[in-house]
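Notes follow the structure.
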Amino acid sequence: MIGLDPAETFRQEAEELLEKLEAALLDLGQRPGDADLVDEAFRALHTIKGSGAMFGFDRVASFTHDFETAFDLIRKGQIAAGPEIVTLSLEAKDHIRELIEDPISTSAAPGQRIVAALQALLAEGRQGAPAASQACAASEPSMPAAASAASGWRIGLVFALHVLRNGTNPLALVDDLRELGPCLVTADTDAVPALAGLAPLDCLMSWNVTLESSCPASAIEDVFMFVRDEMELTITPFSDAALINAAAPAESAAINAPETDQAAAAERESEEKPEPGRRMEGKGQTIRVQAERLDELMDRVGELVIAQARLSQLATAGSDLAIKDIAEEVERLASGLRDSTMGVRMVPMGSLFGRFRRLVHDLSRDLGKPVEFVTVGEDTELDKTMIERLADPLVHLIRNAIDHGIEAADKRALTGKPATGRIELSARYVGAQVVVAVQDDGAGLDTARIRAKAEESGLVAPGAQLSEQEIHQFLFHAGFSTAKTVSALSGRGVGMDVVKRTIDAMRGTIDVATAAGRGSSMTLRLPLTLAIIEGLLVRVGESRYIIPLSAIEECIELTPAIEARAKGRNFLDVRGDLVPFVRLRQHFGVSGEGEPFQKIIIVTLGETRIGLVVDQIIGSHQTVIKTLTKLHSDAVMFSGATIIGDGSVALILDVAQLLAIGQGHRDSEPTAEAA
């Protein structure tokens, strides 16, 4: 089998590192003095540089080296990471991504401009903050002798046998040492066998390096930070070289460890160090799998679920107890496999939420509106396909919240609000759904202006009776915008209609809530997955339909007494609450008389409830969703189809569309008369 392209492997790993780099830089903008964030950003840059050179991305390695050199001044404490430096660093991260995605066509000019601007800012910062440099310099003499040396270091490098298989290049690491100062490198080849017994992928050589530099030991350790668990690294200052050479190798102490803890440190290191050629077992190990393989696995599981349903139906119709036992066992195994496969496809929302921090940062800067971005529920999981489709709608909602919702700082001051606006992106489970909300503390929606614009556009007749919720839904019409001017961010009415179409395609809904002067909230209700759901199989006439089980609240029998009380109106009194219902026989044009005792299935979505009248409830059904073709695009009452046990097709009812019909029944009946 052909393995993954090494360049593609680097791109995937670099993408993760760039995400970590961006997160560290954005956090650094909020906490400029956090040394851990500076170290995290520096480690990401260092890894990208080394891996880029290893896989032939020379332009990436060259630019990252220049960027890393300039950024190292921040790491050494010679300058603080101000907003301008963070902004330029984010631009540098974007340029690195472009170089990785298209190393040939990407121009070098932006990178040169970024490095020059960053170096100018750093130089200006060093001139303007001599106290910081003096404090940094003053702190160096107080370091222990083991961490600093006046003349240089003697360094021993012994790598594990398997490091070459992992992509580690020892010679590249030695080259990194040369950047710290002049080096004399000698190789130890005593462990290299004759050619006949040589394993070409084993690292059998070791190296001794004499480094002439006054750098601290921590700078040397940083060169090997990513292979530290797969090597033996000894660092000895020149002043202690004679003592170390006279001692036995087993008595070598770890750098920066107190003398009283040398034995414990050595014991701990021996416990943690893996044997040559074998990785250390870790908790929560992961394996990288192509997304297409997960999709294929889900398709296979879907076919298995369909076959299991057919087997169960055949077993139920027969009298062979052994076949029934096997059918029950297969059903149990298929259900477990389905849940496990869906669990593999689940991705934490935090992987999506993190992308929007940069968006908020850039919009806040461009619009001159300070904004605090808060995320809640990052651990909430959603199917990976849903995550991918949800990205664009959330981009539009967040842009609108900042551009239209959050007021300018001077206007906020007049209303007693803090100058910094607040955008909250949250996710939580509600039954078998995930609810994602974008909430701001801005001025709120101008309902009157939205209605006036809708009347002007001919979307509603003047004077028509509409609820606020219905008026707010005009925001999602194509070409609808209340912006007075067209800008780079808004005004053309091409954003919110995209949100609506995407959420509808995901079988979700959008709720809009607003309060004048206090902000707005856009709430998305989404199913956990687009692949397999639990459904209730019902019959209307001779046709069978699936109702998503997550939307069902309860089932009630439509008795003659209830029919008599309704007096022909489509309303049902459920424990004092008036619930409209839809007769599916009439709605689907089914001829003939209905069953004598029909069933009402109460479904709910948010705060809205309606009843669906069916002829028979057949039972629960594991539903593998099959998408309808474009030829059925006008069948808005159905969100998909599935294959049931006898091989026939059952349509899946779109609860959101049926709720809209039921709500229309409620609005068309006077409450007093209906009661």
Side-chain angles (χ1 to χ4, degrees), residues 353 356 359-360 363-364 366-377 393-428 435-457 459-460 462 464-500 503 508-525 606-608 663:
F353 286 3
F356 303 119
L359 173 67
V360 174
L363 288 177
S364 174
D366 295 342
L367 296 174
K369 298 179 180 180
V371 178
E372 177 190 12
F373 184 55
V374 180
T375 58
V376 179
L394 288 180
V395 166
H396 288 295
L397 293 178
I398 292 173
R399 285 165 62 103
N400 273 14
I402 298 177
D403 190 19
H404 295 295
I406 301 294
E407 314 97 320
D410 54 348
K411 292 184 178 180
R412 293 177 65 87
L414 294 176
T415 58
K417 294 182 180 180
T420 301
R422 189 176 191 271
I423 300 289
E424 180 179 296
L425 178 59
S426 64
R428 70 184 190 277
V435 175
V436 181
V438 178
Q439 187 172 1
D440 65 73
D441 67 344
L445 296 176
D446 189 342
T447 304
R449 180 171 176 76
I450 295 173
R451 181 186 179 106
K453 184 66 175 181
E455 292 179 355
E456 178 185 337
S457 304
L459 297 175
V460 62
Q465 294 294 324
L466 295 175
S467 65
E468 284 195 357
Q469 188 66 240
E470 291 173 326
I471 295 174
H472 295 156
Q473 290 300 313
F474 289 126
L475 293 171
F476 303 106
H477 279 264
F480 188 92
S481 176
T482 58
K484 297 180 180 179
T485 58
V486 176
S487 67
L489 293 178
S490 62
R492 301 187 186 275
V494 294
M496 299 300 281
D497 64 315
V498 174
V499 174
K500 178 66 172 174
I503 300 303
T509 60
I510 307 176
D511 297 331
V512 181
T514 186
R518 291 187 294 175
S520 304
S521 177
M522 300 284 181
T523 303
L524 314 179
R525 300 180 183 274
E607 301 298 326
T608 307
Q663 191 65 29

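Quick note: residue numbers are just sequence positions, from 1.
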Restricting to side chain to side chain donor-acceptor pair (under 3.5 Å), what partner residues turn up for Thr420, sequence neighbours left out? none
Starting from the C-alpha separation in whole Å, work towards a yes-or-no answer on side-chain contact (heavy atoms from CB on, under 4.5 Å) for Gln473 and Gln469. CA-CA 6 Å; Gln473 290 300 313; Gln469 188 66 240; 3.4 Å; yes
Go through the structure and list residues passing salt bridge (Lys or Arg N to Asp or Glu O under 4.0 Å) with Lys417, not counting sequence neighbours. Glu407
Would you please test Leu425 and Val436 for side-chain contact (heavy atoms from CB on, under 4.5 Å) and show each step? CA-CA 7 Å; Leu425 178 59; Val436 181; 4.1 Å; yes
All heavy atoms of Ile423 vs all of Ala401, minimum pair found to be CD1-CB, 3.6 Å
Please enumerate all residues that pass side-chain contact (heavy atoms from CB on, under 4.5 Å) together with Arg518, with sequence neighbours excluded. Ala515
Interatomic distance, Arg525 atom CZ to Ile503 atom CD1 [nearest 0.5 angstrom]: 12.5 Å
What's the separation between atom CD1 in Ile450 and atom CG in Leu445, rounded to the nearest 0.5 Å? 4.5 Å
Nearest 0.5 angstrom please: Phe356 CZ to Leu394 CG, how far? 4.5 Å
With Asp441, which residues qualify under salt bridge (Lys or Arg N to Asp or Glu O under 4.0 Å), at least two apart? Arg412
Output all residues satisfying side-chain contact (heavy atoms from CB on, under 4.5 Å) with Ala464, sequence neighbours left out; order by chain, then residue number. Arg451, Val460
Distance in Å, Glu455 CD paired with Leu466 CG, rounded so as to fall on 0.5 Å steps: 8.5 Å
Considering all heavy atoms, the nearest Thr514-Gly444 contact: OG1-CA, 3.3 Å
If the condition is ring pair (Phe, Tyr, Trp, His ring centres under 6.0 Å), which residues does Phe474 pass it with, not counting sequence neighbours? His477
Determine, stepwise, if the pair Val499 / Ile510 fulfils side-chain contact (heavy atoms from CB on, under 4.5 Å). CA-CA 9 Å; Val499 174; Ile510 307 176; 3.7 Å; yes
Inter-residue atom distance Leu397.CG - Arg399.CZ, 0.5 Å rounding: 11.5 Å
Listed by chain and number, what are the side chain to side chain donor-acceptor pair (under 3.5 Å) partners of Ser364, not counting sequence neighbours? none
Side chain of Thr375, backbone of Phe353: donor and acceptor closer than 3.5 Å? no
Verify, without hydrogens or angle tests, whether Lys369 (side chain) and Gly421 (backbone) share a donor-acceptor contact under 3.5 angstrom. no
Let's go through Val395 and Leu359 carefully: what are the C-alpha distance in whole Å and the side-chain angles of both, what is the deciding distance for side-chain contact (heavy atoms from CB on, under 4.5 Å) to 0.1 Å, and is it a yes or a no? CA-CA 8 Å; Val395 166; Leu359 173 67; 4.2 Å; yes
For Glu372, what residues pass the salt bridge (Lys or Arg N to Asp or Glu O under 4.0 Å) criterion, not counting sequence neighbours? none
Quick one: does Met522's side chain get under 4.5 Å of Val512's, heavy atoms only? yes
To the nearest 0.5 Å, atom CE of Met496 lies from atom CG of Leu475 at 6.0 Å
Under the rule for side-chain contact (heavy atoms from CB on, under 4.5 Å), what residues qualify as partners of Gln439, not counting sequence neighbours? Glu424, Ser521
Contacts of Thr509 meeting side chain to side chain donor-acceptor pair (under 3.5 Å) (sequence neighbours excluded), chain-then-number -> none
